[in-house]
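The structure presented is a predicted model; accordingly, all values stated were derived computationally and were not measured. Reminder, nothing fancy here: chain letters follow the sequence lines and each chain counts from 1.
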There are 2 protein chains.
Amino acid sequence: MRVLIVEDDVTVGQYIVSGLKESGHSTEIASDGLAGLKIATEGDFDALIIDRMLPQMDGLSIIESIRREGNNTPVLILSALGEVNDKVQGLKAGGDDYLVKPFAFQELLARIEALVRRSLLNEDETSLSFGGLFMDLITRKVSRGEIEIRLKPREFQLLEFMMRNTNQVVTRTMLLEAVWNYHFDPQTNVIDVHMSRLRQKIDKDFDLKLIHTVRGVGYALQLSE
Amino acid sequence: MRVLIVEDDVTVGQYIVSGLKESGHSTEIASDGLAGLKIATEGDFDALIIDRMLPQMDGLSIIESIRREGNNTPVLILSALGEVNDKVQGLKAGGDDYLVKPFAFQELLARIEALVRRSLLNEDETSLSFGGLFMDLITRKVSRGEIEIRLKPREFQLLEFMMRNTNQVVTRTMLLEAVWNYHFDPQTNVIDVHMSRLRQKIDKDFDLKLIHTVRGVGYALQLSE
DNA sequence: CTTCAACAATAAGAACTCGCATAAAATCTC
DNA sequence: GAGATTTTATGCGAGTTCTTATTGTTGAAG
C-alpha cells in the first residue's frame, strides 16, 4: 500500500511514517501544502493522509484541487484539536474520513486500511455475477435472470463468498473463517442450515442448480456437477 | 510463518510448498519420516504438515516423538483416502488437525493458519485477565472475582477485544472491524447497545468500573478514569 | 443387492442481535 | 449557570440467526 502523508509537524509525520512502514506499507511525505499537491498529482497512491493546517496551501484546498482533476484516491484528513473542528466541511471538500489529533496510531491504521479496502472494491467491482446470478454489492440486491431474490444479511455474505470463489470447493472451515469470523469449531451445523436456506432462494425454482455439495468436503458454486 | 512439510509424494509436496510460498510463508520439506523428525527437532517451525504414511517412520510416530520432547508445534496430519481413516487415533497421537487427501489447497491454508493462530494464542495465553476479570478462551467462560458471568457470543467477542487492548482507547471503527467484521459504517448504534449490555454484566454489581467511555472517541478497558 | 453408518438437508422453536425511540449525560453557547 | 446541542445509555420489539431433532441421502461393506 502506497501512502502519501502531507504534514508539517515533523514529529507527527515521522510517527505516521514509521508506523506505516512497520505495517508493511510504503510511504512518501511532504511537509507543505504545495509540495503535497505536486507529489499527490504526480504519484500513484492508494491513500493520502493530509493535515488540515499546512504552510503554503491548506489541506482542504489540496483535496479540492486533486478532486477537480478527477483523482479519487481516498483521503484521510488530520485535524488538530482546537482547530475548527468541522467534519462536515472536510468531508464536503472531498475527504473520505476525518481524524482528530492526537490519535492512537492503531486508529489511523484501521481507518486508512478501511478506506483503501473500500476504494479498491469500488474500483474493481461494485457487483459480482456468475451463471445468471447477479449480485450488487452496493445496493445489496441479488437476482437470478429477471427474478429478484431477497437475501438476509448472513445469506448475502455467504453467497458473496461463494461468488468470489466459484468453480472450487469451499470448505466449512473456510466459510467459518470468512463469513462467520469464527476461529474455532462451533460444533453445530450452522453452515448447512444457512446453505440450505440459500439454496431455497437461489436454486429451488430453477432447473440448473448452482450450489453443489461436495460430500465430506464442503460446497461449490459451479454450473455443472 | 515457517512450515515444515513431511511428505514422500513429491507432487503433493511441491504443490503445498509452492502454495504456501505464494501465500508468503517459508517452507522446508522432508520426504521420509526419519529426515522429517530430525528437521522438526532441530528447526524452529510455526507448524508441521505431516503425511500419515511415510517411508522409514510413519507420521504418527514422528508426532509422538516430538511431543515426548515437549515440542508443542501444531501439527496438521495428512492422510490419503483409503488409509485407515481414524481421526481419533491421529489426534490422540498429538496431532492438532486432520486433513484427508485429496484436498483443496485453500482448505489446507485455512486450517494451517487457524492452527497457528490458535497456537500463538495458546502459547502466551489460553485465557485473559485484567483487573479481577478472567476470561477462559477455551471454555468461553468469564468471571469477575468469584462471580461467574454468562456472556452471549457477541458480548464475549467484544470483551475479548477489549481485554486484548486494555489501557487504551478502542474506537468504534476498530470494534466494527475486529468484532463485527464490518468495513463500513452501519450508521446505527450497535456498538453502544452491546457495550451497554456488557456493562450491565461486567460492571453493574461492582464499585470499580472497568469499562470507561471516552467521549467522542470510543471506549477503554482500564482501572481508573 | 441389501444393510448400515456416516453425512447432509430441513423444519421449527429458542436464543440472540439489531435498530429504534427515548432518556440521560456531557459539552457548548450565550 | 441555564438552555441548547451533541453524544452516549438503555428498554424493548421485530427480525434474524442458531441449535436441536428428525428425516433423507450417499457410499461402503458384506
Peer 1: For a quick test of reading the model: is some side-chain N or O of Arg199(B) closer than 4.0 Å to OP1 or OP2 of dA9(D)?
Peer 2: yes
Peer 1: Given dC20(C), dA11(C), dA25(C), identify the nucleotide with an atom nearest to the side chain of Val193(B).
Peer 2: dC20(C)
Peer 1: Specify the separation, in whole Å, of atom NZ of Lys201(A) and atom C1' of dA11(C).
Peer 2: 15 Å
Peer 1: Give the rounded distance in Å between these two atoms: CG of Leu198(A) and C1' of dT17(D).
Peer 2: 14 Å
Peer 1: List the atom of Phe105(A), the atom of Ile16(A), and the distance in Å for their closest heavy-atom pair.
Peer 2: CE1-O, 3.9 Å
Peer 1: Reckon Arg154(B) touches a base, only the sugar-phosphate, or nothing at all at heavy-atom distances under 4.0 Å?
Peer 2: sugar-phosphate
Peer 1: Once you round it to whole Å, what is the distance between P of dC18(D) and CZ of Phe156(B)?
Peer 2: 17 Å
Peer 1: Distance-only, no hydrogens or angles: does the Arg111(B) side chain make a donor-acceptor pair with backbone N or O of Met174(A) under 3.5 Å?
Peer 2: no
Peer 1: In whole angstroms, how far is the P atom of dT7(D) from the CD1 atom of Ile191(B)?
Peer 2: 15 Å
Peer 1: OP1, OP2 of dA9(C) versus side-chain N and O of Tyr219(A): anything below 4.0 Å?
Peer 2: yes
Peer 1: Nearest-Å distance, OH (Tyr182(A)) to C1' (dT19(D))?
Peer 2: 11 Å
Peer 1: Output the single nucleotide from dT19(D), dG11(D), dA8(C) whose closest atom is nearest the side chain of Thr188(A).
Peer 2: dT19(D)
Peer 1: Nearest to the Asp192(A) side chain among dA9(D), dC20(C), dA9(C), which nucleotide is it?
Peer 2: dA9(C)
Peer 1: Below 4.0 angstrom from OP1 or OP2 of dC18(C), is there any side-chain N or O of His194(B)?
Peer 2: yes
Peer 1: What nucleotide among dA11(C), dC18(C), dT6(D) has an atom nearest to a side-chain atom of Gln200(A)?
Peer 2: dA11(C)
Peer 1: Would you say Trp180(A) reaches dC18(D)'s phosphate, i.e. side-chain N/O to OP1/OP2 under 4.0 Å?
Peer 2: yes
Peer 1: Rounded off to whole Å, could you give me the CG-to-P distance for the Asn189(A) and dT10(C) pair?
Peer 2: 12 Å
Peer 1: I want to verify a distance call: between dT26(D), dT17(D), dA25(C), whose nearest atom is closest to the Arg215(B) side chain?
Peer 2: dA25(C)
Peer 1: Looking only at atom types and distance, does a side-chain atom of Asn165(B) sit under 3.5 Å from a main-chain N or O of Phe161(B), one as donor and one as acceptor?
Peer 2: yes
Peer 1: Among dA21(D), dT17(D), dC18(D), find the nucleotide with the atom closest to the side chain of Lys152(A).
Peer 2: dT17(D)
Peer 1: If you draw a 6.0 Å radius around NZ in Lys141(A), do more than 12 non-hydrogen atoms from other residues or ligands fall strictly inside?
Peer 2: no
Peer 1: In whole angstrom, give the distance that lies between atom NE2 of His212(B) and atom P of dA25(C).
Peer 2: 17 Å
Peer 1: Heavy-atom count check: over 12 atoms from other residues, nucleotides or ligands less than 6.0 Å from Lys209(B) NZ?
Peer 2: yes
Peer 1: Using whole Å, what does the distance between atom P of nucleotide dC16(C) and atom CG of Leu151(B) come to?
Peer 2: 11 Å
Peer 1: Within the side chain of Arg52(B), is there an N or O that forms a donor-acceptor pair under 3.5 Å with the backbone of Ile77(B)?
Peer 2: no
Peer 1: With nearest nucleotides of DNA chain D determined for Arg197(A) and Val217(B) from heavy-atom distances, which residue corresponds to the more 5′ nucleotide?
Peer 2: Val217(B)
Peer 1: On DNA chain D, does the nearest nucleotide to Pro153(A) precede the nearest nucleotide to Arg172(B) from the 5' side, or the other way round? Give the residue.
Peer 2: Arg172(B)
Peer 1: Output yes when at least one side-chain N/O atom of Ser196(A) is less than 4.0 Å from OP1 or OP2 of dA9(C), else no.
Peer 2: no
